[in-house]
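Down below is the structure, laid out as structure tokens.
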Amino acid sequence: MKKRDLLTPIGITLGFVMLILAIATRGGENAATFVDVSSVFIVIGGLLASLLITFNKEQIKVTGKVIREAFQQNDQRLPELIDLFVRLSERARREGILALENELEDVDDPFIRKGIHLAVDGIEPEVINDIMNAEITAMEERQYRGRQILEKSAEYAPAWGMIGTLVGLVLMLTALEDPESLGPSMAVALLTTLYGTVLANLVFLPMASKLESKTDEDIFLKQIIIEGVIGVQSGQNPRILEEKLSAFLSDDELKRRESMDVDTSVVEETVNEA
């Protein structure tokens, strides 16, 4: 399952607000000169044209989906994942591997469901590993292709900003007979570079980097899922499987998990004494 990632919109909004405040506090009455419609047309129009030339129709169609991914985060947590596989392992050893089919109704992750289905079907561990790793490779390639749109946008936006600046300079040089207009004309000419650079460094590059880190996180979690599925399929002792999967936990997560285990054992002892 996925939930909204508020840090992305907060970061973009904060960046634009800080930029606007900086312009307003230093620009005063001249702050309005930072708004130029023709510069927006050059940067946005040129950027869209370049993307249409670079990518095919199918890749352009998924642009919205790619952007939405930057505003979402995976709700799956590693400690919960370990608990799930320990529970599956306990039931498989107690009732047999076929009993795990009833557990799949409560599992939302399709990758886990696929792995358990393969285990229930009696597929060899090596084959399960190959099949699931092939799916990880395909996922990584799909996410990379989607991320390319943002990475290319980060390349094209400053370039079109520079093109707009050159256009403005040419128009400025045609009006050299009016010295008073040179300053304002030069300011307008530089706005396209400003717009392109801001879009690249505040929107496109950070979003592409976030998607790349999300891909790394997805691969990491899926590798743990593969280890869990193979451990369940091979009938591994639940405690050994738990220790094996806990090796992927960070120090903070491991400490929290150990404290939770201690609290649980205390509760069980209290109940038994009663």
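Hydrophobic cluster membership differs between V66 and Y144, with clusters built from Ile, Leu, Val, Met, Phe, Trp and Tyr side chains linked at under 4.5 angstrom. Cluster membership for L98 and I230, using ILVMFWY side-chain heavy atoms within less than 4.5 angstrom, is shared. In terms of hydrophobic clustering, with Ile, Leu, Val, Met, Phe, Trp and Tyr side chains grouped at heavy-atom distances under 4.5 Å, L19 and V203 are assigned to a common cluster. Hydrophobic clustering of Ile, Leu, Val, Met, Phe, Trp and Tyr side chains at less than 4.5 Å, counting indirect connections, keeps L14 apart from V198.
What you find for P158 and A200 is that their closest heavy atoms are CG-CB, 3.6 Å. Of all heavy-atom pairs spanning V43 and G161, the tightest one is CG2-CA, 4.1 Å. Contact record, L199 with I44: CD1-CD1, 3.8 Å, taken as the closest heavy-atom pair. In this structure, P238 and R93 approach most closely via the heavy-atom pair CD-CD, 3.3 Å. Here the closest non-hydrogen pair linking L245 and I82 is O-CD1, 3.6 Å. Across all their heavy atoms, F248 and E227 have their closest contact at CZ-CG, 4.4 Å.
Taking the side chain as every heavy atom from C-beta outward, E90 and V86 approach each other to under 4.5 Å. Within the 4.5 Å cutoff, side-chain heavy atoms of D218 are placed close to those of M139. A 4.5 Å side-chain heavy-atom check between V232 and I97 finds at least one atom pair inside the cut-off. Using a 4.5 Å heavy-atom cutoff, the side chains of V40 and Y195 are in contact. Between F220 and L78, the closest side-chain pair of non-hydrogen atoms falls below 4.5 Å. Between L51 and T63 there is no side-chain heavy-atom pair separated by less than 4.5 Å.
Remark: the W160 side chain and the S50 side chain contain an N/O donor-acceptor pair separated by less than 3.5 Å.
We find the CG-NZ distance between D109 and K222 to be 5.5 Å, quoted to the nearest 0.5 Å. The CD1 atom of I20 sits 11.5 Å away from the OG1 atom of T25 when rounded to the nearest 0.5 Å. Here the CZ-CZ distance, from R94 to R91, works out to 7.0 Å after rounding to the nearest 0.5 Å. Atom CZ of R87 sits about 10.0 Å away from atom CG of L100, to the nearest 0.5 Å. Residue L211 holds its CG atom at 11.0 Å from CG of D216, rounded to the nearest 0.5 Å. In this structure, CG in L194 is found 7.0 Å from CZ in F34, a value given to the nearest 0.5 Å.
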Legend entry - Derivation of the side-chain contact (heavy atoms from CB on, under 4.5 Å) call for L205 and E151: CA-CA 6 Å; L205 278 178; E151 292 174 347; 5.8 Å; no
Inset, instruction - Assess whether salt bridge (charged side-chain N to carboxylate O under 4.0 Å, His left out) is satisfied between E101 and R113, documenting all intermediate values. - result: CA-CA 9 Å; E101 286 186 320; R113 288 203 302 269; over 6 Å; no
Legend entry - From CA spacing to verdict: side-chain contact (heavy atoms from CB on, under 4.5 Å), L221, F111: CA-CA 10 Å; L221 287 174; F111 193 71; over 6 Å; no
Legend entry - From CA spacing to verdict: side-chain contact (heavy atoms from CB on, under 4.5 Å), K114, I131: CA-CA 10 Å; K114 180 174 183 177; I131 293 174; 4.1 Å; yes
Inset, instruction - Run the numbers on R4 and F71 for side-chain contact (heavy atoms from CB on, under 4.5 Å), then give the verdict. - result: CA-CA 6 Å; R4 292 184 62 188; F71 291 85; over 6 Å; no
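Put simply, the side chain of S234 gets close to the backbone of G231: a donor and an acceptor are under 3.5 Å apart. Without hydrogens or angle criteria, S89 side chain to Q236 main chain gives a donor-acceptor distance under 3.5 Å. A donor-acceptor contact shorter than 3.5 Å is absent between the side chain of Y156 and the backbone of A49. Judged by distance alone, the side chain of T192 and the main-chain N or O of S39 form no donor-acceptor pair under 3.5 Å. For the pair Q59 (side chain) and N56 (backbone), a donor-acceptor distance under 3.5 Å is present. Using modelled atom types, no side-chain atom of T193 and backbone atom of T165 make a donor-acceptor pair closer than 3.5 Å.
Here V37 sits in one hydrophobic cluster together with F41; the rule is ILVMFWY side chains under 4.5 Å apart, joined directly or through other members.
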Indicate every side-chain donor-acceptor pair of residues 116-129 with a distance under 3.5 Å to a residue at least two apart or in another chain.
residue : atom : partner : partner atom : Å
N129    : OD1  : N133    : ND2          : 3.1

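A side-chain hydrogen bond (donor to acceptor under 3.5 Å, both in side chains) with D5 holds for exactly one of Q72, K210, K214; it is K210.
Sparse packing is recorded around CD of E140, with 12 or fewer heavy atoms of other residues, nucleotides or ligands lying under 6.0 Å away. Counting non-hydrogen atoms of other residues, nucleotides and ligands closer than 6.0 Å to CZ of R145 gives a total of 12 or fewer.
A salt bridge is defined here as a Lys NZ or Arg NE, NH1 or NH2 lying under 4.0 Å from an Asp or Glu carboxylate O, and K152 with E155 meets this definition.
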